[in-house]
Each structure stands twice: as C-alpha cells, then as structure tokens.
Amino acid sequence: MNITLPDGSIRKMENGSTGLDLANDIGPGLAKAAIAVSVNNIQRDLSDPINEDSEVSIITIDSDEGLEIMRHTLTAQVLARAVKNLYPNTKLAIGPTIKDGFYYDFEFVKPIAPDDLDKIEKEMQKIVNSKSSITKKLQTKKEALKAFNSAGESYKESIIEESEQEEDFQLYYQDDDAFVDLCRGPHLPSLKHIGAFKLTKLAGAYWKGDSKNKMLTRIYGTAWKNEKDLNAYLHSIEEAEKRDHRKIGKEMNLFHFQEEAPGMVFWHPNGWTVYRLLQDFMRDKLQAFDYQEINTPLVVDRKLWEASGHWDKYRENMFITEIDEEHANEKRTNALKPMNCPCHVQVYNQGLKSYRDLPVRYAEFGSCHRYEASGTMHGLMRVRGFTQDDGHIFCTEEQIETETKLFIELLSSTYKDLGFEKFDIKLSTRPETRVGSDEVWDKAESALESAIKKLDLPYEIEEGDGAFYGPKLDFVLTDAIGREWQCGTFQADFNLPDRLDAEYVGEDGQKHRPVMIHRAVLGSFERFIGVLIENYSGKLPFWLAPVQVAVATIISDVNDYASDVINQLENHGIRCHEDFRNEKISYKVREHSAAKVPVIMALGKREKESQTVSIRRIGSDKTTSMSLEDAVKALTVENSVPN
RNA sequence: GCUCAUAUAGCUCAGCGGUAGAGCACUUGCUUGGUAAGUAAGAGGUCACCGGUUCAAGUCCGGUUAUGAGCUCCA
C-alpha cells in the first residue's frame, strides 16, 4: 500500500504495517520519539495496523496533538491508576483532556481533601517511573461489560451499555495487567514519554454534567512536555491571579461587597469615579449614534412581568417585593426589574408611532436585579445588582440590516477607545423551539449575516444557539493576556412586541408589529469595569484613572507651591491626590505606584524655584522635568475622552 | 442550587482545648529626607453568626450566612 507523508512523499509499506513500522522505516530517531499516528486525520495508536493507502503523519510530543495524547494517557492511565492504588474502592468515571491539562472524575467512598493531591501526585510519579509500555486489547461489548462489571466499575459499564457499537471496545493495559481502563485512545506506547505534570485542584462535578445526577469528585491537573514548560505555565497562572479585579479593587480602594447584600456592589469614591467616567463616555457614544436616553422604574407590578412572559419563564431569578400588609391599602406584588425591555416597550407604546418614526432607538443605563444562584457569583463579573448599557431598537424587518451595521460600528469604536482592538462575532441561529415564522427567521438571520459581511468582519455561526425569540450576535473581546470576555450582544426579538402590543402605522395605513432589537455594548458596567481592571492590571488609561496625578512634596517648604500645582491641574479637570505627609519621597513614590496612579509629581526645592514639575509615570522609573505650564497642557490633552 | 474548602486587627496571614499574635497600614514623637519601605513608641479584636461537647472553645462537633475553586445555570 502507499503511505503519503505530510511532505507529500510516498512510501510503499506492506498491508497491515503499523505506525511504528512506518516510523522505523523513516528513521530510528523518529521511531523513538513517536507516540501516536494520524491516519487520514484520525488519531490512532502506534500499534494499530494500517490496511489501505492513507495519508499518515507520525505524532510526537512536540506537537499540540502529541501533548494532548500525553495528557490523556496521564489522566486515564496514570492518575486513574494512582487513585485506584491508593483508594481501591473508588469508581472511575471519565477522564478527558482540557486546555493545558486534564481531569478525571471519580466516585470516592470517603471524600478526599486537597492535601491528598500530594500523595496522589507521588503515586503517579511512581507509576510513571515504571516506564511501563501500554498495550491495547479489543473486546466485544459483552466481554467489556463483564470485565468492568466484575471490577465494580459501574460508570464504565454504563458508558459501554449506552454505546451503540458492539465490537472493538478498546481496553488499555500496562505491563503488569494490574490496571485496565476503557478508552477511546490513542495512548502513548509507553509511560516513558510522560513529561512534567502537576495536580492543580479538586472540585465537584456532576456525572454527565447534569445537576440531577450524582456529584463526583473531579481532580484537575496540568501537564507539559518538560519541566520548563510546566513552570512557565504555572507562572502565567500566577500572573493572571495578580490581575484579579477583586484583589486590585481592594488595593485601589474601588469597591467592596458585604454579607448583607451579596452580589451587590458598594462602590467607593475611586471606583465610582471610574464608573461615572465610563458611563459619561458611553452616553456620548450613544448620542453620536442617535439613541435617545430614557429611564424606567426599578420596581414594577407583576402584571407587566406576566404580560412580558418573564413571570412564567424567569421568576426564579427575580427579586419579588411585597408591601408590608399593615401599612398597605392594597396588596400588590412587584418585582425588581431583571431586564429593561418590557419597560422600554411601555415608553414606545406611548403615542402612536408611524413608520416614519422608525427606527426608534432607546437607551437606558438600566439598573437590574437578578437573583443569581449563590454559587455563581464572582466579584464584579457575576453580580445580582448591575446596570446595563441597555438599549432597544424598534424597527421594521427591512431595517434590521442597517441597524446591525450601525451597532457593530458603535461597538467596535467603543471597544477600540477602551483599548480592545480584537473582538470576535458569533452569530446564533434559530433553535428548535422558537416563535416567529421561518420566513421571518430567514430574513432576520440573513440581515444579521449580511451586515457583518458588508463590514468585512470574520464571524462564527453557532447553529441553533439563538434565543427562542430571535437570532442574535454575541461579541467576544480579547484582553491583554488573551482571555476572552463576552460583552456585547445584539438580539432580534419577534416575540415581545407581540406580547406587549407594540405597533406602528405603516405606509399602507395599517398597523404593524415592529421588530425589537435588544442590544448592549459593554453588557453591564460592573462586569465591564472588572474586565477593564483585569485587562490593564489596574493601570487604567489616564482619562479613566480615578486618581490621575499624585502630587508629592519632598520637603514641607514647597507645600505652597504644590498647592498651586494642584489648583492649576484641578482647574483643568485633572483629578489630583495631595500628599504633603512627613515622609520620604521614595516612600510616597512606592505608595502611589502601588495604588497605580498614572502620574506622580515629586516637588522639591528645585521645582519650586524653576516653576517646574518632575513627572514619573506608572510602570517606569524614569523621571522627566518640564515647566508647570507645559505639564498642565500635556496632561489636559491626555485627559480628553476618546471618541 | 450542588460538591469541597475557607471565615482571627483596616490589609495579608500565623495560632488549633488553658490570659489573642506577626508584618504592613493607623496615631504620636523624632526626622525635611530627591523618586518603590527613615526611626521609636502607642492604639487597635464579641476570633462571621447561632447552638452543642467540655471544668475550660478562635481551637472540637452541628447548623446558618458569606466568600473561594469547580459543576450546573445565565429564557
């Protein structure tokens, strides 16, 4: 048979030759490094026979594929075995690879503690040191079931049970046959190819990811081809932890949370300054794109939520309020709004709208409350009380495309101004259960798609992932260390205008339903500020920094000059912090640097005499001197809000 | 919501049955010092909350609340 290699060359091999035979044929070095083989783009074990003309490449640990196979073997053959050695009655569930590592789900008889990971890790190392080779046996469904049944591995049994195949279940063994695992493969031919690894955490996870099922114990780990890569990875994790907005929020005195209001932010002066600046910035953007800002009630009678459908579908996430019976004349049940859309329809419905009025674009910095499950909250990123940069566009079906295009322009200009150059677009199309005719869906989906195309932007399609009421676009931005955050959204809605009876008079003099588009650029201010903090490690751009200039005196004789400097800066709208304390300048510099103040002005005798300032920028240890006048001018320019 | 862990001074943490500790921050004194920690002293705590075991409970055991890591959820 003919084997085509990645470089295009063709090698003649005997039918039934294995990947290992091929590697040997190419060279002994490759044979030694080979860990698996890719046959017509399907990964196979090195020992699998190849029976027909194929395109084949040898996988080594140096490739991403190879690394993944190594991680897979590490979890399925080494971690699973180590756990079985130490805790013999543990049941094995599943153990896949994930980004940078792997996990394995177990059902332990007695729960284990994080400290036990050390012990397991040592046992794993012992197994790896055996350098066992790994062999595979193929069994029928019946044989496989029997094997795992007698071993008491009920999860494996159920995996086999539910499988549609009858033959060729792959069972992998190490040299001593003492451990066997069912696996899709491929695996390393030998444990000697295992690189550097570390178990990282312990957590619960539902069997098959279903919260109705039993909670298993999941052990996470990371693995790399050598010690150096492992350390680099661990280091990058540490670096990401340093950016944690909860930690930086504390250091910069931006906000706090407390027990009496879980998931609700207490904004401190510094944090609220950032919040206000971002909101003002957003307000200008919206105005430039012809939105009209409105404001609607926080507390609204359940009748409206019943009409909108939220009472049925969303009630468990709503804060419901009742009025103290003793003092109320009438009992009514209200809810804190979890979304702004029904209220926006109320505003739209005031007065008759003509097709000439469309599109109507309402914006609201809408304060919403959602009762999020307790385990889901996470700093500013997931809260119960938040404010959306929300907006709703009422338009005709024909206008969807233009509105999509305009929105993407608004969004990309906003992200760019805030320092995010890269974002991805995801188009989610019709789900199985939905409202609206196929014809309308066709129109809306193609309107969204063609708008993106006209802007020449890349996008991905998420088939069937749309909301029941319409297709949507999600916008995912990438931060400074490559993490992705879904912030913006643009959702067509054929449902709510109908439920809440929104209409306009068309050219034909008849009443029609407008399409409603829900859209947000930042998502919520709370979360977006979290993203900004993590993106910038707290070192916000000058215009967004809560304190922009720390004016620190070197000797108390220059306090009067320093006050003058502060006055001039503040008169130009620059936010200053006065530091006249009886401390050394290095002490002050250290403190303001830690607080991530973008500019530190150190003022001493020299500056006072020459009417200059000495400027030190965050992240640099250089100082530059310039006249006070020039400094005020330069900082004023730098302080202008991007647009 | 589920699993596991955590809760001690403003912050970061130590203490793990017998009078509550450290570093930083804070206050005061001395020091006026040129770009990431001058110096000495002082003050600061219902050890999250409720209950139990014990002669004795931050410390052991239950429960509650919050937080953290995952899981589930995010019409």
Side-chain angles (χ1 to χ4, degrees), chain A residues 98 103 105 107-108 111-116 200-220 241 244 246-247 250-251 253 256-263 308-318 338-339 341 370-379 381-384 431 433-435 466-470 472 486 489 491 493 495-496 518 523-524 527 550 552-559 580-595 600-607 614-625:
Chain A
I98 49 175
Y103 67 76
D105 287 347
E107 184 189 324
F108 284 93
I112 61 163
D115 293 343
D116 296 323
T200 49
K201 57 197 165 196
L202 196 60
Y206 299 108
W207 168 236
K208 290 186 180 164
D210 186 336
S211 59
K212 289 191 206 78
N213 287 342
K214 192 168 178 132
M215 174 78 64
L216 305 173
T217 305
R218 176 171 297 179
I219 297 177
Y220 285 91
E241 275 168 16
D244 191 316
R246 292 166 298 186
K247 186 170 128 69
K250 221 175 249 173
E251 286 164 3
N253 195 10
H256 84 270
F257 289 92
Q258 67 185 49
E259 221 173 298
E260 290 81 353
S308 70
H310 288 87
W311 195 261
D312 264 358
K313 290 223 170 66
Y314 203 70
R315 176 146 55 128
E316 61 179 28
N317 284 295
M318 286 163 74
M339 297 173 196
C341 32
R370 295 181 189 170
Y371 186 80
E372 301 286 357
S374 57
T376 58
M377 288 182 293
H378 179 88
M381 301 302 188
R382 184 95 179 249
V383 287
R384 286 182 176 160
T433 43
R434 57 181 183 265
V435 298
F468 76 90
Y469 50 70
K472 63 170 182 176
Q486 200 239 290
T489 186
Q491 316 183 353
D493 187 345
N495 177 245
L496 203 59
H518 311 253
S524 92
R527 180 162 181 272
T553 51
I554 295 167
I555 49 167
S556 54
D557 283 350
V558 301
N559 286 2
F580 294 180
R581 289 174 306 169
N582 177 12
E583 295 291 351
K584 292 205 161 156
I585 191 62
S586 25
Y587 182 88
K588 296 184 181 182
V589 165
R590 178 185 144 83
E591 204 168 275
H592 301 307
S593 299
I600 300 172
M601 286 188 185
L603 304 179
K605 211 191 285 177
R606 290 204 297 266
E607 285 74 18
S614 146
I615 288 183
R616 180 183 165 126
R617 294 276 177 169
I618 186 80
S620 157
D621 55 2
K622 293 201 179 68
T623 59
T624 49
S625 186

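By convention in this document, chain letters (A, B, ...) are assigned in the order of the sequence lines, proteins followed by strands, and residues within each chain are numbered from 1.
- Heavy atoms of A:Gly309 sit nowhere under 4.0 angstrom from any nucleic acid atom.
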Short heteroatom pairs, N/O only, protein and nucleotides 3-7 of chain B, under 3.5 Å:
none

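- A:Arg218 is linked by a salt bridge (Lys or Arg N to Asp or Glu O under 4.0 Å) to A:Asp105, counting only residues two or more places apart in sequence or in another chain.
- A:Ala467 comes within 4.0 angstrom of nothing in the nucleic acid, heavy atoms only.
- With both ends at atom C1', the span from B:C47 to B:A7 equals 10 Å, rounded to whole Å.
- Residue A:Gly470 is classed as having no contact, given no heavy-atom separation below 4.0 Å to the nucleic acid.
- Looking at the side chain of A:Thr376, the nearest of the listed nucleotides B:A69, B:A75, B:C73 is B:C73.
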| message | I need a per-nucleotide contact map over nucleotides 34-43 of chain B, read 5' to 3'. Cutoff is protein heavy atoms under 4.0 Å; write B for the base, S for backbone only, - otherwise. | response | BBBBB-----
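- Residues forming a salt bridge (Lys or Arg N to Asp or Glu O under 4.0 Å) with A:Lys201 (at least two apart in sequence, or on another chain): none.
- Partners of A:Arg370 by salt bridge (Lys or Arg N to Asp or Glu O under 4.0 Å), not counting sequence neighbours: none found.
- Remark: B:A66 base-pairs with B:U6; criterion is Watson-Crick or G-U wobble with both hydrogen-bond distances under 3.5 Å.
- Annotation: ring-ring contact (aromatic ring centres under 6.0 Å, His included) contacts of A:His256 (sequence neighbours excluded): A:Phe266, A:His268.
- Taking only side-chain atoms of A:His310, from C-beta outward, the nucleotide of B:A75, B:A69, B:G1 with the closest atom is B:A75.
- Listed candidates were B:A69, B:A75, B:C2. Nearest to the side chain of A:Tyr206 is B:C2.
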